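Have a look at the structure below, then the notes.
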Protein chains: 2
Amino acid sequence: MSKDASARKLAETRDLFITQWGALGTQWGINRTMAMIHALLLVSPEPLTTDEVMERLAISRGNANTNLRDLTGWGLIRVVMRKGDRRDFYEAEKDVWRMFCIIARERKRRETEPALAILRQCAETSGDLAGAEAKELHARLTELGEFVALANSVMDKVAAAERSFIVPKILKLLG
Amino acid sequence: MSKDASARKLAETRDLFITQWGALGTQWGINRTMAMIHALLLVSPEPLTTDEVMERLAISRGNANTNLRDLTGWGLIRVVMRKGDRRDFYEAEKDVWRMFCIIARERKRRETEPALAILRQCAETSGDLAGAEAKELHARLTELGEFVALANSVMDKVAAAERSFIVPKILKLLG
DNA sequence: TCATATTTTCAGTAATTACTGAAAATATGA
DNA sequence: TCATATTTTCAGTAATTACTGAAAATATGA
């Protein structure tokens, strides 16, 4: 294979990954563009500027800017500077375990914590009411709340732990 | 508090839970109505018909039907029959551990399995290419793929395990 | 088999979310 | 300070997803 053909194949593979990761993002409830930018930076050997991201994905400046900021907010990518260049360069967090922790933390924040808050509030309200039905409702909400609290604390600890420490133990346990 | 006032308070608490659970659903990437129907059935002491669901949530028949079917497909609710009545009645799965297993299984199916498929495919493609960049890409995709495979198998085992067996052990481990 | 109850489907529309393109704001170096 | 590079914001629009309402399909009992 010629050098050109090889480079083309490489670019094609990257693009395939980016496209598919984008499609996957929609399943995860994060928007396609955000997932694609993340994929692009994951497989890019060098940090990229906003303009490079725009060009590679054929998206507008506003779109690129918004999603780059969101990804930075999550901690999945970060800004790096190059001396003599005033532009921001973005690179992806490439340590898979750290990626996992970031995602776990974010999901906990967006999913289990709000659920817990709702359950506790409704359990409290229903706790003040009399009658068999109210008792049953209260019991159910309390049980759900306790379960979510448990899930919450598991996620917390898993996300905070070091990979080397925790994973083999869990696997052994589940074996 | 009078009996009427008490009943009203109870209904209000249920409605609050339903509304908030619906709002939460949107964070989880499942649609509002589906989450609301689930909440309604979770706090309903009796199984409900499609018409009752429509009325309680003020939604159309088509919407109710679609979401009831989807929830049934997930296994989060199920159809029960009453003798002498030809309508379908729906009730929620109320065992929290079973609910958790169902959600874990569904998320694995919709999130980690497709991710794994993509990573494996792209890793394979990149494995056939020559050059330092291709090698690096291949290594990265392979690493990610292995991590996702690991997460996959953990989810599998957790979802399949019995609550009483697994939870205390994990907690102790993380303590 | 037929009349009726019940569920399912689906074309059209409403609601929501994502994106563009251009203007405003900010940062940098001279 | 000013000119220029760069980033951010945002009103308007496009794209996507959810919902309605009515019609079609199916199931039930007589």
Side-chain angles (χ1 to χ4, degrees), chain A residues 18-41 47-74 76-91 110-111, chain B residues 18-41 47-74 76-91 110-111:
Chain A
I18 291 165
T19 309
Q20 300 208 116
W21 201 251
L24 188 69
T26 61
Q27 305 291 97
W28 282 61
I30 65 174
N31 86 44
R32 192 198 294 318
T33 310
M34 186 163 156
M36 285 174 81
I37 294 177
H38 184 224
L40 170 61
L41 293 173
L48 302 178
T49 62
T50 301
D51 284 82
E52 285 166 328
V53 170
M54 286 166 60
E55 198 200 325
R56 295 278 294 268
L57 301 181
I59 59 175
S60 73
R61 183 171 305 282
N63 196 7
N65 183 263
T66 304
N67 285 297
L68 284 166
R69 297 198 79 210
D70 287 352
L71 282 164
T72 308
W74 279 46
L76 285 174
I77 67 175
R78 62 183 146 256
V79 176
V80 293
M81 292 304 199
R82 280 197 184 160
K83 57 189 167 195
D85 197 325
R86 61 163 79 167
R87 291 171 302 174
D88 289 346
F89 286 76
Y90 297 91
E91 72 177 7
R110 299 205 309 172
E111 296 177 3
Chain B
I18 292 165
T19 310
Q20 299 208 115
W21 201 250
L24 188 69
T26 62
Q27 305 293 95
W28 282 61
I30 68 175
N31 83 45
R32 191 197 297 315
T33 310
M34 186 163 155
M36 286 173 81
I37 294 178
H38 184 224
L40 170 62
L41 293 173
L48 302 177
T49 61
T50 302
D51 284 81
E52 285 167 327
V53 171
M54 286 166 60
E55 198 200 325
R56 296 279 293 269
L57 302 180
I59 58 175
S60 72
R61 184 171 303 283
N63 195 7
N65 182 263
T66 304
N67 285 297
L68 284 167
R69 298 197 77 212
D70 288 353
L71 282 164
T72 308
W74 278 45
L76 285 174
I77 67 175
R78 62 182 147 255
V79 176
V80 293
M81 292 305 197
R82 279 197 183 161
K83 57 190 167 195
D85 197 326
R86 62 164 76 169
R87 291 170 302 174
D88 289 347
F89 285 78
Y90 297 91
E91 72 177 6
R110 299 204 310 173
E111 295 176 3

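A, B, ... follow the sequence lines: proteins, then strands. Residue 1 opens every chain. Since the structure is predicted, the reported quantities are computational estimates derived from the model, not experimental observations.
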- So do the side chains of Met34(B) and Trp74(B) get within less than 4.5 Å of each other, counting heavy atoms only? yes

Here the distance between atom P of dA5(D) and atom CG of Asp85(A), to the nearest Å, is 13 Å

Would you say Phe89(A) and Val79(A) make side-chain contact, with heavy atoms under 4.5 Å?
no

request  = Decide yes or no for Leu41(A) and Leu76(A): does some side-chain heavy atom of the first lie under 4.5 Å from some side-chain heavy atom of the second?
outcome  = no

Asp51(A) CG to dT7(D) P, in whole Å, measures 7 Å

With heavy-atom distances below 4.5 Å as the criterion, would you say the side chains of Glu111(B) and Leu24(A) are in contact? no

Note on DNA chain C: ranges paired as stems (three or more Watson-Crick/G-U pairs in a row, both atom distances under 3.5 Å) are C:1-30 with D:1-30

Looking only at dT8(C), dT8(D), dT7(C), the nucleotide nearest the Arg69(B) side chain is dT8(C)

Using the side chain to side chain contact (heavy atoms under 4.5 Å, CB included) rule, take Arg87(A) and Thr50(A) through it: C-alpha gap first, then chi angles, then the decisive distance, then the call. CA-CA 8 Å; Arg87(A) 291 171 302 174; Thr50(A) 301; over 6 Å; no

request  = Establish, with yes or no, whether the OP1 or OP2 oxygen of dT7(D) is under 4.0 angstrom from a side-chain nitrogen or oxygen of Asn65(A).
outcome  = no

In whole angstroms, the gap separating C1' of dA18(C) from CG of Asp70(A) amounts to 12 Å

What nucleic acid atoms does Asp88(B) come within less than 4.0 Å of, heavy atoms only: base, sugar-phosphate, or nothing?
sugar-phosphate

Tyr90(B) OH to dT6(C) P, in whole Å, measures 13 Å

Between CZ of Arg61(A) and C1' of dA24(C) the distance, given in whole Å, is 14 Å

From CE of Met81(B) across to P of dT6(C) the rounded distance in Å is 11 Å

Q: State whether the distance check finds a donor on one side and an acceptor on the other, under 3.5 Å, for side chain Arg86(B) versus base dT28(D).
A: yes

Walking DNA chain D from its 5' end, the first of Ile59(B) and Asn63(A) to be reached, judged by nearest nucleotide, is Asn63(A)

Per the under-4.0 Å heavy-atom filter, residues of residues 21-38 of chain A near DNA chain C come out as Asn31(A), Thr33(A)

Interatomic distance, NE2@His38(B) vs OG1@Thr33(B), rounded to 0.5 Å, equals 14.5 Å

TODO: Apply the test side chain to side chain contact (heavy atoms under 4.5 Å, CB included) to residues Arg61(A) and Asp51(A): give CA-CA distance (whole Å), side-chain angles for both, the deciding distance (0.1 Å), then the verdict.
DONE: CA-CA 8 Å; Arg61(A) 183 171 305 282; Asp51(A) 284 82; 3.0 Å; yes

Side-chain heavy-atom pair Ile59(A), Ile37(A) within 4.5 angstrom cut-off: yes

For the residue pair Met81(A) and Asp88(A), establish whether any side-chain heavy-atom pair is separated by less than 4.5 Å. yes

By nearest-nucleotide position on DNA chain C, the 5'-leaning member of Phe89(B) and Thr66(A) is Phe89(B)

Separation of dT20(D) atom C1' from Met54(B) atom CE, nearest Å, is 10 Å

Sorted by chain and residue number, the salt bridge (charged side-chain N to carboxylate O under 4.0 Å, His left out) partners of Arg69(B) (sequence neighbours excluded) come out as none

Leu48(A) CG to dT6(D) P, in whole Å, measures 15 Å

Taking dG21(C), dT6(C), dT7(D) as options, the one with an atom nearest any side-chain atom of Ser60(A) is dG21(C)

